[in-house]
Amino acid sequence: MRRFFDKALSIFLSFAFVCGMAGCSFRPAQETSDPDVYVIGFSQLGSESDWRIANTKSMNDTFANNPDYELVIDNARQQQENQFAAVRRYILEGVDFIIIAPTVEDGWQTILTEVHDAGIPVIIMDRSVAVDDEDLYLTNIGSDFLRQGNLAVEWLEDEIPEDTEIKILHLQGTIGATAQIQRTKALEDAVAKHPNWEITSQLYGDFTEAKAYEVVTDYLKENSDIDVLYSENDNMTFGAMRALDEAGISYGNGGQVKIITFDATKEALQYCHDGKINLCVECNPMFGPRVKELIENYRNGLPIPKHVYVDESAYTTQNITQEFVDSREY
Ligand code: AHR
């Protein structure tokens, strides 16, 4: 362990972050002076969605009560500069390992070079980074976001006859984030293949419920001719559903607007089960145990694959039960 900075600050930041994200429902890692404790600095990009809260909880639950590890978490509040500051602080503190859930793909070359020069191994988690040299990080564990998008468009292809014109309202998350880039690519590629599909508008929803509610409410003041809502995460979907309700536009099974959403959190699955959302494409946030396994493999000198994808599916009213919804952890 190579720490020399005041650990109390880190513990406080970790605790404050977790409290802010989850109402103090779980505890920060224990402070210790044991030199055998392995210290992990985690730069979490934000707390914008239910998915993100579940992701942070999974990380915290995995490491919090483990005496061999100390996890220090920083919430970047969706600002890449905040991530740079946190990572530089982790370098100064001399942590043993760094995990980064990056806001956007671009802009990481310099900071990852600094981490590399400091000799600290890095895992990129959830989204990806675009850097010249992949050796700057150990591995990238996350979702196959393009596959998720393709699952969505394949479902839509089955739903829509070739002679039926459809108008698609597209809600986008953080521009430049892997989740946005790949889910958008899947839709745009499909629209280019189907002359009867039209994206009527691409609205920026920031992966948050509040922003989506605002932009969809504004949009519906002038336009109500929508057949499909393609929403790049569940929280934006919830905001859009509220806007649709207020505009008196029906959605879901038998409604005017078919809703496609990404994440498949418990709340979205319940709506899907109840027929209010047509398709939930899963994005699994429970990375904690997999990340720990990767770190342990690294420490034991075992080979680490450059990319690790998590298993994911898609759900409709037809293929989920209430028991399945009830069993969802997040
Ligand atoms: O990168 C994963 C995406 O980020 C999830 O779909 C979304 O909910 C989160 O904010």
Side-chain angles (χ1 to χ4, degrees), residues 17 20-22 42-59 75-80 82-83 99-106 108 123-130 140-152 170-187 203-213 229-241 259-269 271-272 277 279-288 290-291 307-315 328-330:
F17 174 71
M21 293 195 33
F42 172 29
S43 169
Q44 174 60 289
L45 70 90
S47 50
E48 73 284 2
S49 62
D50 297 344
W51 186 102
R52 188 69 49 199
I53 305 290
N55 177 242
T56 304
K57 185 173 185 314
S58 170
M59 293 291 288
N75 179 351
R77 307 198 180 284
Q78 296 222 76
Q79 299 299 317
Q80 190 180 36
N82 292 343
Q83 298 207 274
I99 299 167
I100 301 172
T103 46
V104 292
E105 291 193 353
D106 287 341
W108 290 96
I123 287 181
I124 305 297
M125 190 186 74
D126 166 27
R127 303 173 185 173
S128 305
V129 292
N140 181 187
I141 175 169
S143 295
D144 186 341
F145 295 108
L146 186 59
R147 178 172 176 274
Q148 292 175 1
N150 286 334
L151 284 175
H170 180 191
L171 260 179
Q172 294 179 294
T174 308
I175 303 300
T178 316
Q180 177 276 316
I181 294 170
Q182 301 296 344
R183 290 169 184 166
T184 292
K185 176 175 166 38
L187 179 63
L203 304 178
Y204 178 60
D206 193 34
F207 281 132
T208 65
E209 187 164 338
K211 185 70 183 168
Y213 170 72
L229 172 72
Y230 182 96
S231 168
E232 290 180 356
N233 88 342
D234 284 352
N235 288 85
M236 292 195 297
T237 304
F238 303 150
M241 286 164 69
I259 296 187
I260 296 171
T261 188
F262 293 86
D263 287 351
T265 55
K266 190 180 193 122
E267 188 175 353
L269 286 176
Y271 282 126
C272 185
I277 288 178
L279 182 74
C280 282
V281 181
E282 186 174 43
C283 185
N284 185 346
M286 311 303 271
F287 291 134
R290 301 284 295 274
V291 166
H307 278 97
V308 180
Y309 289 122
V310 292
D311 297 334
E312 291 162 338
S313 311
Y315 304 100
R328 194 61 150 188
E329 273 184 71
Y330 55 93

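For the numbers below, each heavy atom of this structure counts, side chains included, while hydrogens, waters and symmetry mates do not. Please read these numbers as outputs of a predicted model, since none were measured by experiment. We count ligands from 1, going down the list as the structure has it; atoms in each ligand are counted the same way.
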Mark up the atoms of ligand 1 that fall under 4.0 Å of a heavy atom belonging to [X], in ascending order.
| X | result |
| --- | --- |
| Arg183 | 6 (O) |
| Asn233 | 6 (O), 7 (C), 8 (O), 10 (O) |
| Glu48 | 4 (O), 9 (C), 10 (O) |
| Ser49 | 7 (C), 8 (O), 9 (C), 10 (O) |
| Ala179 | 1 (O) |
| Asp126 | 1 (O), 2 (C) |

- Whether Gln148 side chain and Phe262 backbone form a donor-acceptor pair below 3.5 Å: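 No: the side chain of Gln148 does not pair with the backbone of Phe262.
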- Message: We want to know whether Thr178 and Glu105 form a side-chain donor-acceptor pair, criterion being a heavy-atom distance below 3.5 angstrom.
- Response: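 The criterion, which ignores hydrogens and geometry beyond distance, is satisfied for Glu105 and Thr178.
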- Item | Residues Asn55 and Gln44: side-chain donor-acceptor under 3.5 angstrom |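 Per modelled atom types, Asn55 and Gln44 side chains form a pair under 3.5 Å.
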- If you measure every N/O of Arg52 against every N/O of ligand 1, is any gap under 3.5 Å?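 N/O-N/O distance under 3.5 Å: yes.
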- Thinking salt bridges, do Glu282 and Arg328 make one under a 4.0 Å N-O criterion?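 So Glu282 pairs with Arg328 through a salt bridge.
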- Query: Applying the ring-ring contact (aromatic ring centres under 6.0 Å, His included) test to Phe238, which of Phe207, Tyr271, Tyr213 qualifies?
  - Reply: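 Filter result, single survivor: Tyr271.
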- Item | Location of contacts on Glu282 toward ligand 1, heavy atoms closer than 4.0 Å |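 No part of Glu282 comes within reach of ligand 1.
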- Check: Tyr309 ring centroid to Phe145 ring centroid under 6.0 Å: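 No, too far apart.
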